[in-house]
Amino acid sequence: MGFFDKMKAAFNNAMADFTGENEEAYETLEEMLILSDAGMDTTEDIMEKLRRRVRDEGCRGEEQLRKMLASILTDTMDAGDNALHLDTKPSVILVVGVNGVGKTTTIGKLASRLTAEGRSVLLCAGDTFRAAAIEQLEVWANRADVEMVTRERGADPASVCYDTIERAEAEDADLVLIDTAGRLHTSADLMRELAKVVNVVRKRSKLPVYTVLVIDATTGQNGLQQAREFNRELELDALIVTKLDGTAKGGIALAVSHELELPIIKIGVGEGMDDLKDFDPHDFARALVGDFDEREA
C-alpha cells in the first residue's frame, strides 16, 4: 500500500462521524500527518487552520470536512508557479540533489516527454564524477532522440555546462536540462563546487535559468533538511519529489512546500516512462482526503 492509500485510509478513520467536537478525530489526523513526515511545524499549522475553519464555519459532517481539509492542504502546497514554464517557454533547468534520488532518470523522462510534445531539448552531462553517470544519461538521450553535450570523466562540470549553453544558443534549442553530480548537503566543500556550477550557468545563459531540487520521498525528514541546505546555498526555484509510489512518507511534499515556500513541479510515482506526473496541489490534496462534492458548502 503506497502513500496515497495509507493517507486516505487514515483520513477515512478520522472523518467517520466527524462533528467538529470530536477531539479524537483531530488527534488521529494530527498523528497521521506527523507519521507521513509532514513535520511538526507543518502539521500544527494545518491542524490550527482546520480547527479555526470548523469553529468559524461549522461542520456538517464528513463531506464538508474533506473539502475544508483539501483546501488547507492545497494552500499549504500552492507555493508559486507549479508549471515553471517547462512546457511553454525556453529555459535552462539545473537538476540538483544528493546521490540516488533519481536526478538522471527524472531528466530522461522529462526529455522524452517534452521532445514528444515538440520541444527542442538538449541534455548536459554535468555529472562528470560518478561512475557511469555519463553513460546512463546517454541511454536516456538515445531513448528520447535528443542531443547530449559531454566531456571526459573528471572534466570540470562548469565547463561542460558552458559548452552546452553555447551549443543550445547555436542550435536554437528551447530547453536545456543539466544533470549535476550528487552532492551531500552536509559537505560544505561539495556544495561550494555545485554553487560554482550554478553561478556559471546563471551568468552565461541568455535563457531563464531554474535550479530544481530532486528529493526522494522515502528519505522522510532528511529530505526536508536536504531542501533547506540546497536552498540556502543555491536559491532553489522548485522541487521534484520522486518515489511516491511505494511509501507512506509522502508528507514531505507538504513539509518542504510549507517551510521553504517552493513549488513542486513534478512527482515520480513509478519507474515507467509515464510515471513522472505534473504536480497539481488541488489534485494531490484530493488524492489524500478522498473524493467529495465540490458544491458542498
Side-chain angles (χ1 to χ4, degrees), residues 79-97 101-128 133-151 155-181 194-214 230 234-242 262-268 272-280:
D81 186 359
N82 297 98
L84 199 69
H85 309 311
L86 277 182
D87 303 327
T88 57
K89 296 183 180 179
S91 55
V92 175
I93 309 296
L94 276 153
V95 182
V96 301
V101 295
K103 295 187 302 297
T104 304
T105 299
T106 295
I107 288 171
K109 291 178 180 180
L110 278 173
S112 295
R113 171 176 168 177
L114 296 172
T115 301
E117 294 174 357
R119 303 293 303 280
S120 173
V121 179
L122 182 64
L123 302 186
C124 172
D127 183 354
T128 60
I134 296 172
E135 291 84 352
Q136 182 184 1
L137 188 65
E138 188 173 25
V139 169
W140 282 105
N142 291 334
R143 287 181 186 174
D145 194 24
V146 299
E147 287 191 64
M148 183 180 86
V149 177
T150 185
R151 297 260 294 274
D156 177 21
S159 297
V160 184
C161 294
Y162 192 98
D163 291 346
T164 303
I165 292 170
E166 283 197 331
R167 173 85 67 84
E169 292 174 354
E171 298 180 0
D172 203 26
D174 58 19
L175 185 66
V176 179
L177 297 173
I178 299 177
D179 193 14
T180 63
L194 183 56
K196 172 191 172 184
V197 174
V198 173
N199 289 333
V200 165
V201 172
R202 286 173 174 164
K203 289 178 181 178
R204 175 63 185 82
S205 176
K206 295 177 182 178
L207 298 174
V209 176
Y210 301 101
T211 304
V212 177
L213 174 69
V214 178
F230 274 89
L234 307 178
E235 298 181 2
L236 299 172
D237 295 293
L239 305 162
I240 294 174
V241 182
T242 60
L262 289 169
I264 299 170
I265 57 172
K266 305 285 181 185
I267 56 174
M273 185 72 75
D274 298 326
D275 288 333
L276 186 68
K277 305 292 186 182
D278 293 336
F279 180 79
D280 182 285

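Computed from a predicted structure; not experimentally measured.
- Between the CG atom of Leu114 and the CG atom of Leu177 there is a distance of 7.0 Å, given to the nearest 0.5 Å.
- Counting only heavy atoms from C-beta outward, the side chains of Leu175 and Ile93 approach each other to under 4.5 Å.
- When atom types are taken as modelled, the side chain of Ser205 and the backbone of Val201 share no donor-acceptor pair closer than 3.5 angstrom.
- Nearest heavy-atom pair across Leu122 and Ala173 is CB-CB, 4.3 Å.
- You'll find the side chain of Lys266 stays beyond 4.5 Å of the side chain of Lys109, heavy atoms only.
- For Glu169, the CD atom is densely surrounded, since the number of other residues' heavy atoms within 6.0 Å is greater than 12.
- Distance check: Thr211 OG1 to Leu239 CG gives 11.5 Å after rounding to the nearest 0.5 Å.
- With 3.5 Å as the limit, one finds a donor-acceptor pair spanning the side chains of Thr104 and Asp179.
- Nearest heavy-atom pair across Val176 and Ala168 is CG2-CB, 3.5 Å.
- Nearest heavy-atom pair across Ala144 and Ala111 is CB-C, 3.9 Å.
- Using a 4.5 Å heavy-atom threshold, the side chains of Thr242 and Ile267 count as separate.
- At least one side-chain heavy atom of Val160 sits under 4.5 Å from a side-chain heavy atom of Cys124.
- The environment of CG in Asp145 is sparse: at most 12 heavy-atom neighbours from other residues, nucleotides or ligands sit within 6.0 Å.
- Asp237 is not listed as a side-chain neighbour of Leu262, based on a closest heavy-atom distance of 4.5 Å or more.
- In this structure, CZ on Arg113 lies 11.0 Å from CZ on Arg119, to the nearest 0.5 angstrom.
- Interatomic distance, CG of Asp156 versus SG of Cys161, reported as 8.5 Å (0.5 Å rounding).
- Atom CE of Met148 is separated from atom CD1 of Ile134 by 7.0 Å, given to the nearest 0.5 angstrom.
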Problem - Trace of the side-chain contact (heavy atoms from CB on, under 4.5 Å) decision for Thr105 with Trp140 - result: CA-CA 8 Å; Thr105 299; Trp140 282 105; 3.7 Å; yes

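- The CZ atom of Phe279 lies 11.5 Å from the CD1 atom of Ile265; values are rounded to the nearest 0.5 Å.
- Side chains of Leu123 and Val149 form no contact here, defined as non-hydrogen atoms less than 4.5 Å apart.
- With hydrogens and angles ignored, the 3.5 Å screen pairs a side-chain donor or acceptor of Thr128 with a backbone N or O of Ala155.
- Side-chain contact between Leu236 and Val96 is present, with heavy atoms from C-beta onward closer than 4.5 Å.
- Listed here is the closest heavy atom pair of Arg151 and Ser159: NH1-CB, 3.5 Å.
- Put simply, the side chain of Asp278 does not reach to within 4.5 Å of the side chain of Asp280, judged on heavy atoms.
- In plain terms, the two heavy atoms of Thr150 and Ala125 that are nearest each other are OG1-CB, 3.8 Å.
- Heavy-atom minimum distance, Val101 versus Val214: CG2-O, 3.5 Å.
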